[in-house]
Peer 1: 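Below you will find the structure I want to go over with you.
Keep in mind that the numbers below use all heavy atoms, side chains included, and drop hydrogens, waters and symmetry copies. So you know, we letter chains A, B, ... as the sequences are listed, proteins then strands, and number each from 1.
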Amino acid sequence: MNPVIELKNLKKYYGDIKGIERVSFKINAGEIYGFIGPNGAGKSTTIRTIMGLINKTSGSILINGEEINHDNKQIKEMFGYLPSEIHLYDDMKVKNLFDYHASFYQKDCFSRRKELVKLLKIDENKKIEDLSLGNLKKVGIVLALMHSPKIVILDEPTSGLDPIMQKVFHDILLKEKENGTTILYSSHVLSEVANICDKIGFIKDGIIIKEDTIENIKKYNYTYLQISSKDIKKIKDDLKLEVVSETNEKIIFINNLEINELIKKLSKYNIDELLIEEIPLEDLFLKYYK
Amino acid sequence: MIKREFKVNFKSFVIWLAVLVVIFLVVYIIYPYIITDETMKSIDEMMTIFPEEILKAFNMDMTSISTAYGWFKSEGFTFILLIIGVYSSLLGTNILLKEEDDETIEYLSSLPIKRSKIVTSKVVSGISYIIIMILLFGLFNYISLLISGSFNQKEFFLLSLTPIFVSVPLFAISLFISSFFHNSKRVIGISLGFVFISYIINVLSELSDKVKFLKYFSIYSLANVRNVIETCSFNWLMVVISFVITALFILLTYVSFNKKEFD
């Protein structure tokens, strides 16, 4: 079975300036794909290319195995999109915008809209221009989901949402996933997506540098290894690990050695203090960007 | 979508129409008081000072401004062509770019509609407003002129429709120019410059036979007001050219907008 979304060596240049160089990933039906990278890494360029806002330079964007046609109404009906900065028609009331939005889809959006409005606690009688950033984002979430799309593209969706609403939003996404919706979730905060994503792709300088399941990423045997000893120099030469910080008698490594191998190596030295602790996902993420 | 387009552009339509109506209403009200036999005599004397070419440029060689209708055909019509031309040009510039100015194009592009449908709804709304403005303003002038005296109704009817042949192509040209930009502020100057330069070229082309060729470089020559006044009919060749220019630039806008990147 074809993946729902497949990007093959997607490249976008603005003249001579690189947007993205080589972006490839696959997302299967019912998967949530975390698209992680710092600002300027190419996340939004990738998403805007998928959405047809900008034209790719080369590569492929396949939807259910077929090259995307941005002018195909049926294909576009499959998508729900929440941009990182949402701009809507200021002169409209929220309820009128929802009606307007629904008028473009050949399905009844009302019950899903009602459900989402209730969950996100949206006042439909307010004018768009009177909404706070958080409330505008909530309206954007309803617009992205009210037509029950098969594919949802989210670009930094939680910016502006308070922690309670972030939780509500993630619960909504998990329910969407249960219903078979395929979700691309872009963020620069790994811990934000770690609990809901099946797979994570790390993008740096327009290239996907690492892709794995969240379980595997957590399984990587990276730990902080803190050693206090008079043999610091010898230990450092022997272990050949990446050093985080170092003083005369204390050193912190990023350790990826298997525990028995580590103990075996350290047994040769006189150790005053040994501390091994799990690397938080955020630090792991930063490690990729060094 | 078209319904929304009509709603969005309604306010500016009302303002521009109101400006035209107020200017002309003031003239129609004060005209009988300022144009008396005495003042007309001195105006006629003054007219003899102007070279014939200048009078031709404002159609004042063919008509007397002793009546409100005479003023309407000469100076008044210059206002109409310019003001509706500027409105059409600004409308063409803003109608698509407004979505980029307000950054709503990202939302609009995510909807299941073809880009060509976006252009179509803007074009239909824009051209409709231009034509409605010309018709409503024509109706206002008709009623006002009926009150002020008798006039050639067929000639008035044809003259009133003439701005369509200039304004609609101006709208289409501005729309096309705007499709290459991302911000209306940068295009407004170009579009308005095009309107005024085009008008000046048309005026210059009337000054002498040596520079008559200039009319081929002015969109205002499509109005061909002299022909309407002289023959009481349209120059159908100009009408066809107006239609072809409009169709061509709208078609080019579709092509350009379909390729446009929204970054």
Side-chain angles (χ1 to χ4, degrees), chain A residues 12-15 17 19 44-45 47-57 69-92 96-97 99-107 109 128-129 136 139-140 143-144 146-147 149 151-155, chain B residues 1-15 91 94-125 129 178-185 251-263:
Chain A
K12 172 65 190 172
Y13 267 73
Y14 301 93
I17 300 162
S44 291
T45 302
I47 284 174
R48 295 167 82 83
T49 314
I50 295 172
M51 293 308 297
L53 290 158
I54 50 176
N55 304 321
K56 66 185 181 189
T57 304
N69 174 2
H70 291 110
D71 240 8
N72 184 316
K73 201 170 172 249
Q74 277 73 37
I75 293 283
K76 283 185 105 176
E77 275 203 31
M78 290 168 67
F79 280 86
Y81 174 50
L82 179 64
S84 54
E85 281 176 40
I86 187 155
H87 296 276
L88 301 167
Y89 298 118
D90 283 347
D91 59 311
M92 277 185 161
N96 296 337
L97 181 64
D99 289 340
Y100 180 68
H101 186 85
S103 71
F104 290 93
Y105 295 88
Q106 286 164 348
K107 57 174 87 165
C109 306
I128 296 293
E129 64 185 353
L136 196 62
V139 169
L143 292 173
M146 68 187 276
H147 54 283
I151 300 168
V152 176
I153 311 281
L154 306 165
D155 194 1
Chain B
M1 197 180 177
I2 285 181
K3 205 173 140 191
R4 173 161 172 81
E5 279 312 313
F6 274 102
K7 198 181 162 195
V8 168
N9 295 305
F10 182 70
K11 207 170 157 185
S12 71
F13 165 79
V14 171
I15 292 169
L91 189 62
N94 286 320
I95 205 160
L96 270 172
L97 276 183
K98 188 173 169 31
E99 302 284 354
E100 287 186 74
D101 285 343
D102 298 345
E103 296 178 70
T104 47
I105 191 70
E106 199 166 9
Y107 166 68
L108 194 59
S109 298
S110 72
L111 294 170
I113 38 166
K114 292 182 176 187
R115 283 196 182 185
S116 52
K117 199 180 169 186
I118 297 174
V119 178
T120 303
S121 62
K122 307 272 182 191
V123 167
V124 169
S125 152
Y129 270 132
S178 79
S179 70
F180 293 97
F181 292 83
H182 293 286
N183 188 321
S184 63
K185 280 179 197 158
L251 191 73
L252 289 171
T253 305
Y254 277 109
V255 176
S256 171
F257 193 74
N258 274 329
K259 289 181 182 169
K260 194 172 188 182
E261 296 198 302
F262 304 112
D263 203 22

Peer 1: Flag yes if more than 12 heavy atoms outside Glu77(A) fall under 6.0 Å of its CD atom; otherwise flag no.
Peer 2: yes

Peer 1: Could you tell me whether the side chain of Lys76(A) and the main chain of Ser109(B) form a donor-acceptor pair under 3.5 Å?
Peer 2: yes

Peer 1: Answer yes or no: is there an ion pair linking Lys117(B) with Asp71(A), defined by an N-O contact shorter than 4.0 Å?
Peer 2: no

Peer 1: Please classify the contact of Asn55(A) with chain B as side chain, backbone, both or neither, using a heavy-atom distance under 4.5 Å.
Peer 2: both

Peer 1: For the pair Tyr107(B) and Ile86(A), evaluate side chain to side chain contact (heavy atoms under 4.5 Å, CB included) and give the outcome as yes or no after the intermediate values.
Peer 2: CA-CA 8 Å; Tyr107(B) 166 68; Ile86(A) 187 155; over 6 Å; no

Peer 1: Give, for atom CG of Asp90(A) and atom CG of Asp102(B), the distance between the pair rounded to the nearest 0.5 Å.
Peer 2: 7.0 Å

Peer 1: Supply the atom-to-atom distance Thr104(B) OG1 to Met92(A) CE, rounded to the nearest 0.5 angstrom.
Peer 2: 10.5 Å

Peer 1: Roughly how far, to the nearest 0.5 Å, is CD of Glu103(B) from CG of Leu88(A)?
Peer 2: 11.5 Å

Peer 1: Heavy-atom pairs under 4.5 Å with chain B: which of Tyr105(A), Tyr100(A), Tyr89(A) has the most?
Peer 2: Tyr89(A)

Peer 1: Would you say CZ of Phe180(B) has more than 12 non-hydrogen atoms from neighbouring residues, nucleotides or ligands within 6.0 angstrom?
Peer 2: yes

Peer 1: Report which part of Met78(A) has an atom under 4.5 Å of a heavy atom belonging to chain B: side chain, backbone, both, or neither.
Peer 2: neither

Peer 1: Output all residues satisfying side chain to side chain donor-acceptor pair (under 3.5 Å) with Asn72(A), sequence neighbours left out; order by chain, then residue number.
Peer 2: none

Peer 1: Is any side-chain heavy atom of Leu111(B) closer than 4.5 Å to one of His101(A)?
Peer 2: yes

Peer 1: Taking NZ, NE, NH1 and NH2 as the nitrogens, is one of them in Lys12(A) or Glu261(B) under 4.0 Å from a carboxylate oxygen of the other?
Peer 2: yes

Peer 1: I'd like to know which of Leu53(A), Thr45(A), Ile75(A) tops the heavy-atom pair count under 4.5 Å against chain B.
Peer 2: Leu53(A)

Peer 1: Kindly indicate, with the supporting measurements, whether the criterion side chain to side chain contact (heavy atoms under 4.5 Å, CB included) is fulfilled by Arg48(A) and Glu106(B).
Peer 2: CA-CA 9 Å; Arg48(A) 295 167 82 83; Glu106(B) 199 166 9; 2.7 Å; yes

Peer 1: In the structure I gave you, are the side-chain heavy atoms of Lys114(B) and His70(A) within less than 4.5 Å of one another anywhere?
Peer 2: no

